[in-house]
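Beneath this line is the structure, given in C-alpha coordinates, with notes to follow.
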Amino acid sequence: MTNQRIKILEYLRSTRIHPGAERVYEAVKKDMPAISLATVYRNLNVLAEEGEILKFEVNGEAHYDGFSHLHSHFVCNGCGKIIDIELEEIPKYALKKVRDNDLEVHSVKIIFDGLCRECRRNKNE
Ligand SMILES: [Zn+2]
Ligand SMILES: [Zn+2]
(Lines give C-alpha, C1' and ligand atoms only; values in the text may rest on other atoms or scores of the structure.)
(Ligands and ions follow the chains in the order given, each with its own letter.)
Protein backbone atom coordinates (compact mmCIF):
# COMPACT_ATOMS: atom_id res chain seq x y z
CA MET A 1 0.00 0.00 0.00
CA THR A 2 1.27 3.48 -0.83
CA ASN A 3 1.59 6.14 1.88
CA GLN A 4 -1.27 8.03 0.31
CA ARG A 5 -3.54 5.02 0.47
CA ILE A 6 -2.59 4.33 4.08
CA LYS A 7 -3.31 7.97 5.00
CA ILE A 8 -6.76 7.82 3.36
CA LEU A 9 -7.56 4.57 5.14
CA GLU A 10 -6.36 5.99 8.46
CA TYR A 11 -8.58 9.02 8.07
CA LEU A 12 -11.62 6.91 7.18
CA ARG A 13 -11.02 4.69 10.22
CA SER A 14 -10.81 7.73 12.50
CA THR A 15 -14.30 8.99 11.70
CA ARG A 16 -17.86 7.67 11.52
CA ILE A 17 -19.25 10.50 9.37
CA HIS A 18 -19.07 8.55 6.07
CA PRO A 19 -17.49 11.43 4.13
CA GLY A 20 -17.67 12.07 0.40
CA ALA A 21 -14.45 12.15 -1.67
CA GLU A 22 -13.99 15.93 -1.36
CA ARG A 23 -14.17 15.77 2.41
CA VAL A 24 -11.57 12.97 2.42
CA TYR A 25 -9.41 15.10 0.16
CA GLU A 26 -9.66 18.13 2.49
CA ALA A 27 -8.69 15.96 5.46
CA VAL A 28 -5.66 14.16 3.97
CA LYS A 29 -4.40 17.31 2.23
CA LYS A 30 -3.46 18.73 5.65
CA ASP A 31 -0.71 16.12 5.99
CA MET A 32 -0.07 15.57 2.28
CA PRO A 33 -0.33 18.95 0.52
CA ALA A 34 0.79 17.46 -2.81
CA ILE A 35 -2.07 14.97 -3.07
CA SER A 36 -4.69 15.65 -5.78
CA LEU A 37 -8.43 15.04 -5.72
CA ALA A 38 -8.03 12.60 -8.62
CA THR A 39 -5.54 10.57 -6.57
CA VAL A 40 -7.96 10.50 -3.66
CA TYR A 41 -10.75 9.25 -5.95
CA ARG A 42 -8.50 6.57 -7.42
CA ASN A 43 -7.36 5.33 -4.01
CA LEU A 44 -10.90 5.31 -2.64
CA ASN A 45 -12.01 3.13 -5.54
CA VAL A 46 -9.12 0.71 -5.04
CA LEU A 47 -9.81 0.47 -1.31
CA ALA A 48 -13.49 -0.18 -1.99
CA GLU A 49 -12.69 -2.84 -4.61
CA GLU A 50 -10.36 -4.56 -2.16
CA GLY A 51 -13.09 -4.57 0.46
CA GLU A 52 -11.06 -2.42 2.88
CA ILE A 53 -13.77 0.23 2.92
CA LEU A 54 -17.45 0.49 1.97
CA LYS A 55 -18.70 2.76 -0.78
CA PHE A 56 -22.36 3.64 -1.20
CA GLU A 57 -24.41 6.33 -2.84
CA VAL A 58 -26.62 8.76 -0.96
CA ASN A 59 -28.57 11.37 -2.96
CA GLY A 60 -26.37 10.78 -6.00
CA GLU A 61 -23.07 11.27 -4.15
CA ALA A 62 -20.62 8.52 -3.22
CA HIS A 63 -19.83 8.18 0.47
CA TYR A 64 -17.06 6.13 2.05
CA ASP A 65 -16.91 4.12 5.25
CA GLY A 66 -13.67 2.89 6.83
CA PHE A 67 -15.60 0.22 8.69
CA SER A 68 -16.45 -2.63 6.35
CA HIS A 69 -18.07 -5.03 8.82
CA LEU A 70 -21.69 -5.99 8.21
CA HIS A 71 -23.76 -3.00 9.35
CA SER A 72 -26.49 -0.76 8.01
CA HIS A 73 -27.01 2.99 7.65
CA PHE A 74 -29.59 5.60 8.41
CA VAL A 75 -29.61 8.81 6.34
CA CYS A 76 -31.26 11.90 7.81
CA ASN A 77 -33.42 13.74 5.27
CA GLY A 78 -33.14 16.88 7.40
CA CYS A 79 -29.40 17.40 7.89
CA GLY A 80 -27.93 14.72 5.62
CA LYS A 81 -26.12 12.96 8.47
CA ILE A 82 -25.33 9.27 7.93
CA ILE A 83 -25.60 7.19 11.09
CA ASP A 84 -24.26 3.67 11.62
CA ILE A 85 -26.85 1.12 12.61
CA GLU A 86 -25.15 -1.88 14.17
CA LEU A 87 -27.59 -4.41 12.93
CA GLU A 88 -26.29 -7.76 11.82
CA GLU A 89 -29.37 -9.97 11.81
CA ILE A 90 -31.17 -8.45 8.81
CA PRO A 91 -28.22 -8.28 6.39
CA LYS A 92 -27.08 -11.73 7.54
CA TYR A 93 -30.52 -13.18 6.94
CA ALA A 94 -30.85 -11.41 3.58
CA LEU A 95 -27.38 -12.63 2.54
CA LYS A 96 -28.31 -16.22 3.23
CA LYS A 97 -31.53 -15.90 1.19
CA VAL A 98 -29.66 -14.41 -1.76
CA ARG A 99 -26.89 -17.03 -1.62
CA ASP A 100 -29.52 -19.76 -1.53
CA ASN A 101 -30.32 -18.61 -5.08
CA ASP A 102 -26.79 -19.50 -6.13
CA LEU A 103 -25.75 -15.86 -6.43
CA GLU A 104 -22.35 -14.46 -5.53
CA VAL A 105 -22.73 -11.40 -3.30
CA HIS A 106 -20.10 -8.66 -3.37
CA SER A 107 -21.70 -6.23 -0.96
CA VAL A 108 -24.86 -5.56 1.02
CA LYS A 109 -26.22 -2.05 1.37
CA ILE A 110 -29.19 -1.46 3.60
CA ILE A 111 -29.98 2.23 3.93
CA PHE A 112 -32.84 3.60 5.99
CA ASP A 113 -33.86 7.23 5.71
CA GLY A 114 -35.92 9.59 7.81
CA LEU A 115 -35.18 12.13 10.51
CA CYS A 116 -32.42 11.95 13.10
CA ARG A 117 -33.06 12.69 16.78
CA GLU A 118 -32.01 16.36 16.51
CA CYS A 119 -34.05 17.05 13.37
CA ARG A 120 -37.07 15.37 14.92
CA ARG A 121 -36.72 17.53 18.00
CA ASN A 122 -36.35 20.70 15.89
CA LYS A 123 -39.44 19.79 13.89
CA ASN A 124 -41.53 19.34 17.02
CA GLU A 125 -40.49 22.61 18.61
ZN1 LIG B 1 -30.83 15.29 11.00
ZN1 LIG C 1 -21.03 2.86 8.42
Side-chain angles (χ1 to χ4, degrees):
M1 248 196 234
T2 63
N3 282 343
Q4 290 171 330
R5 197 165 300 160
I6 290 166
K7 196 88 221 158
I8 290 169
L9 190 57
E10 271 176 8
Y11 167 65
L12 283 173
R13 295 213 166 137
S14 73
T15 178
R16 306 292 299 241
I17 63 166
H18 310 87
E22 301 214 347
R23 191 117 184 211
V24 175
Y25 169 64
E26 293 301 326
V28 296
K29 208 172 61 171
K30 284 179 202 143
D31 292 324
M32 296 188 151
I35 200 165
S36 70
L37 183 57
T39 302
V40 170
Y41 267 111
R42 197 178 58 240
N43 281 292
L44 286 168
N45 281 331
V46 173
L47 286 167
E49 273 165 28
E50 287 173 348
E52 293 283 343
I53 63 170
L54 298 179
K55 176 185 180 181
F56 54 90
E57 235 177 67
V58 173
N59 300 325
E61 203 205 333
H63 287 262
Y64 303 89
D65 189 340
F67 298 87
S68 58
H69 66 286
L70 210 52
H71 68 288
S72 304
H73 295 99
F74 181 94
V75 180
C76 178
N77 292 329
C79 62
K81 190 158 58 191
I82 302 169
I83 301 165
D84 281 322
I85 305 289
E86 299 299 340
L87 170 88
E88 251 191 51
E89 298 81 1
I90 292 174
K92 233 184 204 159
Y93 174 79
L95 256 179
K96 192 190 169 305
K97 288 281 168 194
V98 175
R99 285 185 176 140
D100 284 348
N101 288 303
D102 224 356
L103 299 166
E104 180 186 306
V105 178
H106 290 175
S107 72
V108 185
K109 297 173 183 98
I110 298 181
I111 303 178
F112 302 89
D113 76 278
L115 288 179
C116 75
R117 203 175 294 150
E118 289 77 34
C119 289
R120 250 184 81 192
R121 200 179 297 142
N122 292 341
K123 201 182 92 181
N124 292 332
E125 261 167 18

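What you see is a predicted model; the values in this text were computed from it and never measured.
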| task | Under the side chain to side chain contact (heavy atoms under 4.5 Å, CB included) rule, collect the residues that match up with Ala21, sequence neighbours excluded. | result | Tyr41, Leu44, Tyr64
| query | Mind checking what makes side chain to side chain contact (heavy atoms under 4.5 Å, CB included) contact with Thr2, not counting sequence neighbours? | reply | Gln4, Arg5, Asn43
| query | Are Leu115 and Phe112 joined in one hydrophobic group, where the rule is that I, L, V, M, F, W and Y side chains link up if heavy atoms are under 4.5 Å apart? | reply | no
| remark: On a heavy-atom basis, the closest approach of Phe67 and Thr15 is CE1-O, 3.6 Å
| field | Inter-residue atom distance Glu26.CD - Lys29.NZ, 0.5 Å rounding | value | 4.5 Å
| task | Could you tell me the separation between the NZ atom of Lys30 and the OH atom of Tyr11, rounded to the nearest 0.5 Å? | result | 7.5 Å
| field | Residues which pass side chain to side chain contact (heavy atoms under 4.5 Å, CB included) with Ser36, listed by chain and number, not counting sequence neighbours | value | Ala38, Thr39
| task | Could you state whether Leu103 and Ile90 fall into the same hydrophobic cluster, counting links through intermediate Ile, Leu, Val, Met, Phe, Trp or Tyr residues with side-chain heavy atoms under 4.5 angstrom apart? | result | yes
| When you look at CG of Asn124, are more than 12 heavy atoms from neighbouring residues, nucleotides or ligands closer to it than 6.0 Å? | yes
| field | Counterpart residues, side chain to side chain contact (heavy atoms under 4.5 Å, CB included), relative to Val105 (two or more places apart) | value | Leu95, Val98, Arg99, Val108
| message | Does Asp100 have more than 12 heavy atoms from other residues, nucleotides or ligands lying within 6.0 Å of its CG? | response | yes
Could you give the side-chain donor-acceptor pairs of residues 73-89 under 3.5 Å, partners two or more places apart or in another chain?
unit_1 : atom_1 : unit_2 : atom_2 : d
His73  : NE2    : His18  : NE2    : 3.1
His73  : NE2    : Asp65  : OD2    : 3.0
His73  : NE2    : His71  : NE2    : 3.1
His73  : NE2    : Asp84  : OD1    : 3.1
Asn77  : ND2    : Asp113 : OD2    : 2.7
Lys81  : NZ     : Glu118 : OE1    : 2.8
Asp84  : OD1    : His18  : NE2    : 2.8
Asp84  : OD1    : His71  : NE2    : 2.9
Asp84  : OD2    : Arg16  : NE     : 2.8
Asp84  : OD2    : Arg16  : NH2    : 3.0
Glu86  : OE1    : His69  : NE2    : 2.8
Glu86  : OE2    : Arg16  : NH2    : 3.2
Glu88  : OE1    : Lys92  : NZ     : 2.8

| task | Examine Leu70 and Ile111 and state if one hydrophobic cluster contains both, with Ile, Leu, Val, Met, Phe, Trp and Tyr joined whenever side-chain heavy atoms are less than 4.5 Å apart. | result | no
For a quick test of your reading: what N or O donor-acceptor pairs under 3.5 Å do the side chains of residues 46-61 make, sequence neighbours left out?
unit_1 : atom_1 : unit_2 : atom_2 : d
Glu52  : OE1    : Arg13  : NH2    : 3.3
Lys55  : NZ     : Asn45  : OD1    : 2.8

